[in-house]
Structure formats: structure tokens, C-alpha cells
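Both backbone and side-chain heavy atoms feed into the values below; hydrogens, waters and symmetry mates do not. For reference, positions follow the sequence shown, starting with 1.
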Amino acid sequence: PTQFDKFRDFIYRQSGIRMDVNKVTLVSNRIRRRLRAGEYTDFDTYYKHLTSPSGIGELEQFLDAITTNETHFF
């Protein structure tokens, strides 16, 4: 829960998107994909990199992974 809250707050600060508490599975699964892609050892290591000055390049990848990329109304 603490890790989810950190990421949830970070997502809101970076994108304005509020992630409801019931989205923990969705968020964690999408973060896991980024962990594997970057060979990070765990959520805390990834969060530290993401929030560091050297993580700016990963930020776009992270936000793309978290958000819905395309929607269609009709």
C-alpha cells in the first residue's frame, strides 16, 4: 500500500491523473512491465530512478505505460 501510494501521488503530480485505490493491480502490472524492460530489481529501485534527475528519459516511458494510449468513442 505504501509503494502504491507513492506511485499514485507521483502519477498525479506528473500527469494530473488520479488513480483510484482499486487500480492497484492495473498500476502494479504496468509498472512490472517497466521493471522488466529496464531490468530494475524492485519497485523501490524503479521509483528512485524515476524520481531522480537521471530518470527523466524513463518518465515518458512510464507515463505511456500507465495511461491508456488510445480510445475510440464511436
Side-chain angles (χ1 to χ4, degrees):
T2 304
Q3 288 176 327
F4 177 70
D5 287 341
K6 286 188 337 186
F7 277 101
R8 188 170 66 156
D9 292 343
F10 182 75
I11 292 165
Y12 179 72
R13 286 192 314 271
Q14 295 300 317
S15 68
I17 296 171
R18 292 187 191 274
M19 299 303 254
D20 195 54
V21 175
N22 67 357
K23 299 290 185 184
V24 67
T25 302
L26 175 118
V27 171
S28 65
N29 286 338
R30 291 186 180 185
I31 293 173
R32 278 189 185 92
R33 288 185 208 150
R34 296 305 312 146
L35 292 177
R36 286 190 300 270
E39 300 180 7
Y40 299 97
T41 57
D42 56 35
F43 285 90
D44 289 328
T45 303
Y46 183 63
Y47 183 82
K48 286 177 188 172
H49 175 72
L50 196 59
T51 57
S52 73
S54 63
I56 193 72
E58 178 62 21
L59 179 60
E60 184 177 344
Q61 298 294 322
F62 171 74
L63 292 175
D64 283 347
I66 293 298
T67 59
T68 302
N69 295 326
E70 184 176 349
T71 60
H72 296 279
F73 188 67
F74 285 102

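Under the side chain to side chain donor-acceptor pair (under 3.5 Å) criterion, D9 pairs with no residue, sequence neighbours left out. T41 meets the side chain to side chain donor-acceptor pair (under 3.5 Å) test with T45; sequence neighbours excluded. Checked against ring pair (Phe, Tyr, Trp, His ring centres under 6.0 Å), F4 has no partners two or more places apart in sequence or in another chain. The side chain to side chain contact (heavy atoms under 4.5 Å, CB included) search around S52 returns H49, S54, not counting sequence neighbours. Take F43 and apply the side chain to side chain contact (heavy atoms under 4.5 Å, CB included) test, not counting sequence neighbours, and it matches Q3, F7, S28, I31, R32, L35. When the side chain to side chain contact (heavy atoms under 4.5 Å, CB included) test is applied to L26, the partners found at least two apart in sequence or on another chain are M19, R30. The side chain to side chain donor-acceptor pair (under 3.5 Å) check on R13 picks up nothing, with sequence neighbours excluded. Partners of K23 under the salt bridge (Lys or Arg N to Asp or Glu O under 4.0 Å) rule, at least two apart in sequence or in another chain, do not exist in this structure. Residues passing the salt bridge (Lys or Arg N to Asp or Glu O under 4.0 Å) test with D44, sequence neighbours excluded: K6.
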CA sep, side-chain torsions, deciding dist, call: R34, Y40, side-chain contact (heavy atoms from CB on, under 4.5 Å): CA-CA 8 Å; R34 296 305 312 146; Y40 299 97; 5.8 Å; no
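The line from CZ of F62 to OH of Y47 is 9.0 Å long, rounded to the nearest 0.5 Å. To the nearest 0.5 angstrom, L63 atom CG is 6.5 Å from Q14 atom CD.
Under the 4.5 Å side-chain heavy-atom criterion for ILVMFWY residues, no single connected hydrophobic cluster contains both Y12 and I66. If you chain together hydrophobic residues whose side chains sit under 4.5 Å apart, V21 and F10 never meet in one group.
With contacts defined as side-chain heavy-atom distances shorter than 4.5 Å, the pair R8/V24 does not qualify.
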